[in-house]
Amino acid sequence: MQKPSNARGTRDFGPKEMAKRNYVFNIIRKHFEQFGFQSIETPAIENLSTLTGKYGDEGDQLLFKILNSGDYLSKLSEQDFQEGSKKFTYKVSEKGLRYDLTVPFARFVSMNRNDLAFPFRRYQIQPVWRADRPQKGRYREFYQCDADIIGSNSLLNEAELITLFQAIFSSLHLKANLVINSRKVLAGVVDVIGMTDHFMDFAVAIDKLDKIGWEAVSKELADKGFSLDQCQVLADLIVFEGNNLAKIDRLRAFFNGNDLGLAGIKEIEDVLKFIQQNGFDNTNIVFDYRLARGLSYYTGLIFEGKAIDIPFGSIAGGGRYDNLTTDFGLPNMSGVGLSFGIERMIDVMDALNLFPNIPVSGSKVLFAYFDEEGQTQAFQYVNELRRQGIPSEIYPEMGKIKKPFEFADKKKIPYVAVLGEQELLQNKLNLKNMESGEQELLSLQELIQKF
RNA sequence: GCGGUUGUAGCUCACUCGGUUAGAGCACUGGUUUGUGGUACCAGGGGUAGUGGGUUCGAAUCCCAUCAUCCGCCCCA
């Protein structure tokens, strides 16, 4: 016998966990649909060529690759083997598991461009896989809940996603800030200090500011070739604190004629205006020009949702991308999307005790009996309750009456209906309220009336 | 890919310096109670100490390897 265990970085979800997950999934799905997003699904397996090159070198390393079927070695030569594992991998693997939902979505849009009504709004709730080293809040299989609007440049879309974000978090009673920034602001900053071609180095380093502090970030920047003077200019910018408007003014002065940076500022300003003018709450929207986000495909506005009452990394993220479908032969298709990380949201909600009492079993009544006569009657009753829309079940074993009671207690089924000799004679059932312990003799009709 | 942590019953964890038959709580099974769960009391089952090797009269305990785990880095939700 082998000791059973989960594959590394994966988890099972029992009825208890699923009740929570479904609670969150349902709220997210409801809001996605209210905002007019249409549901799609794509396969877990994609051609490896669809996935590689979209997430940077690091991302390619983290792709789960599927070994070719059949005799995958037969077409290989000794030379292929000599070339090392990196190249060799792609000779024996042509498929992989999806790494996120956005790239498969881009493939889908490109393939279905003639059938879709643009701007196309889709939502997608599916698992993704990353061959990462598992850690706290970090798994090898996790769900993403994505909503994207593609085929429109309007900033109205950004505003829509922000209100969607607010609606979902407010429904979950989860207090979160939405941090926003624009890739153009970041690009403008490196432009101004003359490090235009070090954009990614800058973005990666600045993204860690919250976690490791300016000291460590400036050290990393120095390692990447930023001079002391340049770091000092950045430091002055970074220490500036203030509300959104103050930050916008500060940056506008900093950009002083840099078109890229000013364009970024205008995006932020316009989106904030949209939200405010339409009477939506903008107190939890924080413009932070230090936000960078890792994924390389973002080109415009970027967002990140962060829980307020607890430090826990980001629980939602997204942004605008201009060229995602270009690789699939569909240029000029700008889109913007928002992704919710449900596992982290659940971790945060657990920590803050935000889950309402969610019943683990849907059953309201469990039928118990002593003999075949009771079983026959119970089987009729339980099916009548189900026809009436009352979820209920029947204990399948005859014998000790204690068993069904223990069972109901464990499953938190609120009522047990006993069909014994006396009850059968009167055409009634003995209904026990498992919480109060009270019992009453009822007819089936009277039982139905209770719900 | 790099650095560290931990591995003992289904789960959470004890076991002093290496020394008899490896313990506890929870969970499970049965009973007190053959028409009543959740509380209480009684009894019971369940472990080759991750795996493999070594040191020793003797190893859960010390050493080596290996696998797994969790944490940090990289990156990320």
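So you know, we letter chains A, B, ... as the sequences are listed, proteins then strands, and number each from 1.
- Rounded to whole angstrom, the span from the CG atom of A:Leu431 across to the C1' atom of B:G35 amounts to 15 Å.
- For the pair A:Phe407 and B:G37, the ring geometry does not qualify as stacking, because the centroid separation below 5.5 Å and plane angle under 30° are not jointly satisfied.
- When the C1' atom is used for both B:A49 and B:G7, the distance is 9 Å, rounded to whole Å.
- Nucleotide B:C76 holds its C1' atom 13 Å from the CD atom of A:Glu343, rounded to whole Å.
- For A:Asp409 against B:G38, no side-chain N or O and base N or O form a donor-acceptor pair under 3.5 Å.
- Rounded to an integer number of Å, the gap from CZ of A:Arg140 to C1' of B:U69 is 12 Å.
- Within the structure, every side-chain polar atom (N or O) of A:Lys403 is placed at least 4.0 Å from both OP1 and OP2 of B:U33.
- Checking B:G37, B:A77, B:G1 against the side-chain heavy atoms of A:Arg133 singles out B:G1 as nearest.
- Remark: of the listed residues A:Val336, A:Leu330, A:Thr325, A:Thr325 is the sole one forming a side chain to side chain contact (heavy atoms under 4.5 Å, CB included) with A:Ile150.
- Note on A:Arg293: a side-chain N or O is less than 4.0 Å away from OP1 or OP2 of B:A77.
- Using a 4.0 Å heavy-atom criterion, one finds that A:Gly437 contacts the bases of the nucleic acid, with or without backbone contacts as well.
- Remark: P of B:G35 and CD of A:Gln422 are 10 Å apart, rounded to the nearest angstrom.
- Rounded to whole Å, atom P of B:G35 lies 15 Å from atom CE of A:Met398.
- In A:Glu421, the CD atom is not crowded: 12 or fewer heavy atoms of neighbouring residues, nucleotides or ligands sit closer than 6.0 Å.
- For A:Phe367 and B:U36, the CZ to P distance is 20 Å, given to the nearest whole Å.
- With B:U32, B:C28, B:A77 as the candidates, the nucleotide lying closest to the side chain of A:Lys402 is B:U32.
- In this structure, A:Phe165 and A:Phe340 have parallel ring planes: the angle between them is below the 30° cut-off, well short of the 60° mark.
- Checked options A:Thr42, A:Asp146, A:Asp148; the residue passing with A:Gln124 is A:Thr42 (criterion: side chain to side chain donor-acceptor pair (under 3.5 Å)).
- When the side chain to side chain donor-acceptor pair (under 3.5 Å) test is applied to A:Asp191, the partners found at least two apart in sequence or on another chain are A:Thr196, A:Asn258.
- Phosphate proximity of B:A77 to A:Lys306: absent, as no side-chain N or O sits under 4.0 Å from OP1 or OP2.
- One atom, NZ of A:Lys54, and another, P of B:C76, lie 17 Å apart when rounded to the nearest Å.
- The distance from atom CE of A:Met434 to atom P of B:U39 is 11 Å, rounded to the nearest whole Å.
- OP1 or OP2 of B:G37 has not a single side-chain nitrogen or oxygen of A:Lys400 nearer than 4.0 Å.
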**Prompt:** What dot-bracket string describes RNA chain B from 5' to 3', counting Watson-Crick and G-U wobble pairs whose defining distances are under 3.5 Å, with [ ] for crossing pairs and | for pairs to another strand?
**Reply:** ((((.((..((((.....[...)))).(((((.......))))).....(((((..]....))))))).))))....
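- Among the atoms of the strands shown, base atoms are found under 4.0 Å from some heavy atom of A:Glu423.
- A distance of 10.5 Å separates CD1 of A:Ile162 from CZ of A:Phe274, quoted to the nearest 0.5 Å.
- Taking the nucleotide of RNA chain B with the nearest heavy atom to each of A:Ser436 and A:Tyr139, the more 5' of the two is matched to A:Ser436.
- On a pure distance criterion of 3.5 Å, a polar donor-acceptor pair joins the side chain of A:Arg138 and the base of B:C75.
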**Request:** With side chain to side chain donor-acceptor pair (under 3.5 Å) as the test, would you mind laying out the steps for A:Arg320 and A:Ser334 before giving the verdict?
**Result:** CA-CA 7 Å; A:Arg320 176 166 293 271; A:Ser334 183; 2.7 Å; yes
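- Of all nucleotides listed (B:G35, B:A77, B:C75), B:G35 comes nearest to the side chain of A:Ile401.
- Remark: A:Arg8 is not in phosphate contact with B:A68, judged by side-chain N or O atoms under 4.0 Å from OP1 or OP2.
- When the C1' atom is used for both B:A77 and B:A68, the distance is 25 Å, rounded to whole Å.
- Note on A:Lys208: a side-chain N or O is less than 4.0 Å away from OP1 or OP2 of B:C74.
- Positionally, the nearest nucleotide of RNA chain B for A:Val418 lies more toward the 5' end than for the other of A:Gly9 and A:Val418.
- Using a 4.0 Å heavy-atom distance criterion, A:Val128 is classed as making no nucleic acid contact.
- Rounded to whole Å, the separation between the P atoms of B:A40 and B:G4 comes to 47 Å.
- With salt bridges taken as basic N to acidic carboxylate O contacts below 4.0 Å, none links A:Lys432 and A:Glu440.
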